[in-house]
Trainee: 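Can you read through this structure? Questions will come right after.
Atoms considered below: every heavy atom in the structure, side chains included; atoms not considered: hydrogens, waters and symmetry mates. First listed ligand is number 1; within each ligand, the first listed atom is number 1. We're numbering straight along the sequence, starting at 1.
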Amino acid sequence: MRIDIISAVPPLLESPLNESLIKRARDNGIVEIVIHNLRDYGLGKYHQIDDDPFGGGAGMVLRVEPIFELIRKLQSERTYDEIIFLTPDGKTFMQSDANELSLKNNLLMLCGRYKGIDERIRQTFITKEISIGDYVLTGGELPALVVIDAIVRLLPGTIHDSESAMLDSFQTGLLDSPLYTRPAEFEGMKVPEILQSGDHEKIRIWRNEEATKRTKERRPDLLE
Ligand code: ADE
């Protein structure tokens with residue numbers, strides 16, 4: 001898979017994409033991630049990328065020309081399965097969206113800044129608008145990272161234990177059951193005996209019961 005990201009603030013993206021599992025997936029050729037600095041396509045001496053909104057009002061709007069030029073250049077090099085705009089007025093991102101996007105070959109993500117982007121960019125290029133929740137952030141970079149993280153960990157080879165991603169909270173429709181590791185007793189708190197019994201069938205049933213209990217308590221909406 002290849003993911004291109006357009007951002008006016010690339011440093012916001014760089015460190016999270018160069019650590020841990022995502023770094024390993026990139027190093028192993030499982031995903032290629034390329035960050036494009038929108039400023040490089042800015043207008044004039046000052047590389048302007050934004051301007052005042054027509055009709056007045058607070059905040060700046062990302063201009064059409066730099067984004068049109070960059071997206072057209074990228075489109076001349078490959079075909080994108082989706083061109084995604086991260087925006088609070090998009091559809092709320094869910095595990096099912098991560099699953100769907102993890103099957104694509106080429107994704108292009110556009111991170112907004114300021115008040116928003118010129119509507120003509122949306123009309124011309126954007127195939128999917130994603131929000132990561134009902135709150136407003138300073139830009140689309142953190143949401144892009146959230147979406148990329150959720151996708152990349154699903155790509156075969158990223159997580160060694162391939163079962164682990166399949167059994168995640170939300171994939172099974174349930175939250176996870178409680179987890180324990182050594183020591184078996186700590187400050188008087190004991191690990192449930194069944195987990196130390198070695199009886200895999202009993203453990204499976206216990207985990208399922210605990211997961212159901214937890215989901216009922218915390219997220220009854222998931223059971224509906
Ligand atoms: N940009 C600003 N806030 C956002 C959000 N909640 N989701 C996606 N993109 C955004």
Side-chain angles (χ1 to χ4, degrees), residues 1-19 21-22 31 33-42 47-68 70-71 74 80-104 106-155 168-171 218-219 221-222:
M1 169 182 278
R2 175 174 165 132
I3 304 174
D4 290 272
I5 316 170
I6 300 175
S7 165
V9 199
L12 277 177
L13 298 163
E14 272 148 20
S15 149
L17 295 176
N18 281 304
E19 298 293 339
L21 259 71
I22 298 186
V31 64
I33 302 177
V34 184
I35 302 168
H36 305 273
N37 189 349
L38 187 57
R39 287 255 164 228
D40 295 344
Y41 296 79
H47 296 273
Q48 189 195 1
I49 54 170
D50 59 343
D51 216 329
D52 298 316
F54 272 119
M60 302 291 272
V61 176
L62 286 177
R63 290 180 64 117
V64 285
E65 304 95 319
I67 293 176
F68 264 64
L70 175 50
I71 295 185
L74 292 171
Y80 288 96
D81 299 301
E82 300 283 3
I83 301 184
I84 299 165
F85 177 46
L86 288 310
T87 171
D89 49 23
K91 178 182 169 288
T92 307
F93 188 63
M94 308 286 271
Q95 186 63 47
S96 53
D97 300 301
N99 294 352
E100 198 184 305
L101 290 172
S102 74
L103 302 173
K104 308 289 185 187
N106 292 314
L107 299 176
L108 175 55
M109 298 195 180
L110 173 61
C111 305
R113 277 272 132 193
Y114 316 109
K115 188 88 189 125
I117 60 172
D118 191 298
E119 190 64 20
R120 289 164 290 189
I121 299 162
R122 292 167 113 149
Q123 285 168 0
T124 310
F125 298 114
I126 302 301
T127 60
K128 214 183 229 327
E129 305 205 351
I130 294 178
S131 164
I132 62 158
D134 288 343
Y135 37 81
V136 180
L137 302 169
T138 53
E141 282 79 7
L142 296 179
L145 290 169
V146 166
V147 171
I148 290 169
D149 192 284
I151 294 171
V152 171
R153 65 188 292 288
L154 296 174
L155 300 177
D168 283 338
S169 290
F170 302 109
Q171 291 291 16
R218 299 183 183 192
R219 292 294 306 275
D221 56 299
L222 293 177

Trainee: Does Asn106 offer a backbone N or O that forms a donor-acceptor pair with the side chain of Asp81 under 3.5 Å?
Mentor: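 Looks like yes, one N/O pair under 3.5 Å.
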
Trainee: Polar pairs, ligand 1 vs protein, N/O only, below 3.5 Å.
Mentor:
unit_1	atom_1	unit_2	atom_2	d
ligand 1	3 (N)	Leu137	N	3.0
ligand 1	6 (N)	Gly133	O	3.2
ligand 1	6 (N)	Tyr135	O	2.8
ligand 1	7 (N)	Ile132	N	3.0
ligand 1	9 (N)	Thr87	N	3.0

Trainee: For Lys115, enumerate each residue passing the side chain to side chain donor-acceptor pair (under 3.5 Å) test, keeping only those at least two apart in sequence or located in another chain.
Mentor: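 For Lys115, no residue satisfies side chain to side chain donor-acceptor pair (under 3.5 Å) once neighbours in sequence are set aside.
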
Trainee: Once side chain to side chain donor-acceptor pair (under 3.5 Å) is applied, do any residues pair with Thr87, and if so which ones, sequence neighbours excluded?
Mentor: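 Listed in chain order: Asp89.
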
Trainee: Return each pair, listed once, that meets side-chain hydrogen bond (donor to acceptor under 3.5 Å, both in side chains) where at least one residue sits in residues 144-155; pairs must be two or more places apart or across chains.
Mentor: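 Qualifying pairs: Arg153-Asp168.
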
Trainee: Are the side chain of Thr127 and the backbone of Ile83 linked by a donor-acceptor contact shorter than 3.5 Å?
Mentor: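 Indeed, once roles are kept as given, a pair shorter than 3.5 Å links the two residues.
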
Trainee: Does the side chain of Arg63 come within less than 4.5 Å of Ile117's, by heavy atoms?
Mentor: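 No; the side chains remain at least 4.5 Å from each other.
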
